[in-house]
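Reading through the structure tokens given below for one structure.
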Amino acid sequence: MFSLMAKLLLNRQVKLEEGRLELMGIRDSFTPTVTYVEILRILLQSNSQHLLYDSAKKAGFDWFQRMSKLYPGLKQSEALKWGVDLIALSGWGIPTVDNFNPKEKKTIFLLKNSPVAKIFGSSKVAVDHLFRGLSAGGGSYILDANLDCVETHCVAKGDSICRFLVAPKEKLGLSKDSLKFEFGI
Ligand SMILES: [Zn+2]
């Protein structure tokens, strides 16, 4: 993760000016994690949590598109490593790739120390909608397909780690109710 920061600094891909933070030409801003957690609590009241997922999916896709324009020829595995490092650098926890199957367009990520799960507290449902959105968007760009993501295990539910499956929607093995919860469809 820190080697990524060094690379970005060397290539002048981090810009910090008064009132402006840019990473790889994309405007960014530090936001207290509690902001996302409070947005999530409000969205959950109307079963609209997928809106956080949808917006993060777009952001994840845009990030990788930008990255591949800046570094043409970036291999799938390198892009994946960069994505994981960027998430860690951004403070969303410690992600690792548990399984990468480009042929089946499936990836499994694990996330340790999720700040969202920690701040949200105990929950009956998984809460890392932002991370699963970023994973779906990044995965879609890297594997050149419209992929989605579901959090199969979450620390907020009492699991020991947060676990995410990225795959084509029909291969996520979700029930009708789960599809509604995860994607609003
Ligand atoms: Zn989680």
Side-chain angles (χ1 to χ4, degrees), residues 1-17 20-31 33 36 52-117 126 128-155 161-172 182-183:
M1 153 184 145
F2 291 104
S3 66
L4 172 67
M5 193 61 185
K7 239 186 248 177
L8 289 172
L9 284 168
L10 267 174
N11 291 308
R12 297 177 192 275
Q13 296 299 348
V14 179
K15 281 186 195 160
L16 198 53
E17 294 164 12
R20 188 177 195 92
L21 166 63
E22 260 184 36
L23 270 182
M24 293 191 279
I26 295 175
R27 190 101 183 240
D28 211 327
S29 52
F30 294 124
T31 313
T33 313
Y36 298 99
L52 255 185
Y53 170 79
D54 294 341
S55 55
K57 183 176 173 180
K58 184 184 181 317
F61 188 91
D62 290 353
W63 264 106
F64 278 89
Q65 197 171 41
R66 178 80 192 158
M67 212 191 298
S68 71
K69 269 187 195 150
L70 285 171
Y71 300 95
L74 198 68
K75 289 183 197 144
Q76 278 179 338
S77 55
E78 289 169 342
L80 200 63
K81 170 91 175 67
W82 271 63
V84 161
D85 286 353
L86 260 175
I87 296 254
L89 190 66
S90 305
W92 291 111
I94 306 166
T96 49
V97 180
D98 191 46
N99 189 285
F100 180 52
N101 186 337
K103 218 174 172 182
E104 290 200 19
K105 302 206 181 284
K106 276 187 182 178
T107 309
I108 293 172
F109 291 103
L110 301 176
L111 181 68
K112 257 192 225 171
N113 205 12
S114 156
V116 174
D128 287 286
H129 297 282
L130 205 120
F131 183 87
R132 78 180 178 95
L134 293 173
S135 303
S140 295
Y141 190 82
I142 292 171
L143 293 172
D144 194 23
N146 184 18
L147 305 180
D148 279 293
C149 179
V150 65
E151 186 176 8
T152 60
H153 299 68
C154 184
V155 168
I161 198 161
C162 298
R163 179 184 179 271
F164 302 81
L165 168 63
V166 179
K169 198 178 270 138
E170 64 277 10
K171 288 190 183 170
L172 292 173
E182 306 290 354
F183 308 113

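The structure displayed is predicted, hence computed values, not measured ones.
Residues forming a side chain to side chain contact (heavy atoms under 4.5 Å, CB included) with Arg27 (at least two apart in sequence, or on another chain): Arg20. Partners of Tyr71 by ring pair (Phe, Tyr, Trp, His ring centres under 6.0 Å), not counting sequence neighbours, listed by chain and number: Trp82. By the side chain to side chain contact (heavy atoms under 4.5 Å, CB included) test, Thr31 is found to be paired with Ser29, Thr35, Tyr36, residues two or more places apart in sequence or in another chain being considered. Scanning for side chain to side chain donor-acceptor pair (under 3.5 Å) contacts around Glu182 gives Arg132, with sequence neighbours left out.
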Derivation of the side-chain contact (heavy atoms from CB on, under 4.5 Å) call for Val116 and Leu130: CA-CA 9 Å; Val116 174; Leu130 205 120; 5.5 Å; no

Begin from the C-alpha positions of Phe183 and Leu172 and carry the test side-chain contact (heavy atoms from CB on, under 4.5 Å) through to its verdict. CA-CA 12 Å; Phe183 308 113; Leu172 292 173; 3.7 Å; yes

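The shortest non-hydrogen separation linking Cys149 to Tyr53 is N-OH, 3.1 Å. In terms of heavy-atom proximity, Gly93 sits nearest to Pro95 at O-CD, 3.3 Å. Looking at every heavy atom in both residues, Glu78 comes nearest to Gly73 through OE1-O, 4.4 Å. Between Cys162 and Val155 the shortest heavy-atom distance is SG-N, 3.4 Å.
Counting heavy atoms from C-beta outward, Asp128 and Phe164 have side chains that approach closer than 4.5 Å.
Here Leu16 contributes atom CG and Glu22 contributes atom CD; the two are 10.5 Å apart, rounded to the nearest 0.5 Å. Taking CZ from Phe131 and CD1 from Ile87, the interatomic distance works out to 5.0 Å, rounded to the nearest 0.5 Å. If you take CZ on Phe100 and CD1 on Ile108, they are separated by 12.5 Å, rounding to the nearest 0.5 Å. Expressed to the nearest 0.5 Å, how far CG of Asp28 lies from NZ of Lys15 amounts to 14.0 Å. Interatomic distance, CG of Leu23 versus CD of Gln13, reported as 9.0 Å (0.5 Å rounding).
Sorted pairs that involve residues 90-113 and meet side chain to side chain donor-acceptor pair (under 3.5 Å), not counting sequence neighbours, are lacking altogether.
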Please set out all donor-acceptor pairs under 3.5 angstrom arising from side-chain atoms of residues 54-70, sequence neighbours excluded.
from: Asp54; atom 1: OD2; to: His50; atom 2: ND1; distance (Å): 3.3
from: Ser55; atom 1: OG; to: Leu51; atom 2: O; distance (Å): 3.1
from: Ser55; atom 1: OG; to: Leu52; atom 2: O; distance (Å): 2.9
from: Lys57; atom 1: NZ; to: Asn146; atom 2: OD1; distance (Å): 2.7
from: Lys57; atom 1: NZ; to: Leu147; atom 2: O; distance (Å): 3.0
from: Lys57; atom 1: NZ; to: Asp148; atom 2: OD1; distance (Å): 3.1
from: Lys58; atom 1: NZ; to: Asp62; atom 2: OD2; distance (Å): 2.6
from: Arg66; atom 1: NE; to: Met24; atom 2: O; distance (Å): 2.7
from: Ser68; atom 1: OG; to: Phe64; atom 2: O; distance (Å): 3.4
from: Ser68; atom 1: OG; to: Gln65; atom 2: O; distance (Å): 3.0
from: Ser68; atom 1: OG; to: Tyr141; atom 2: OH; distance (Å): 2.7

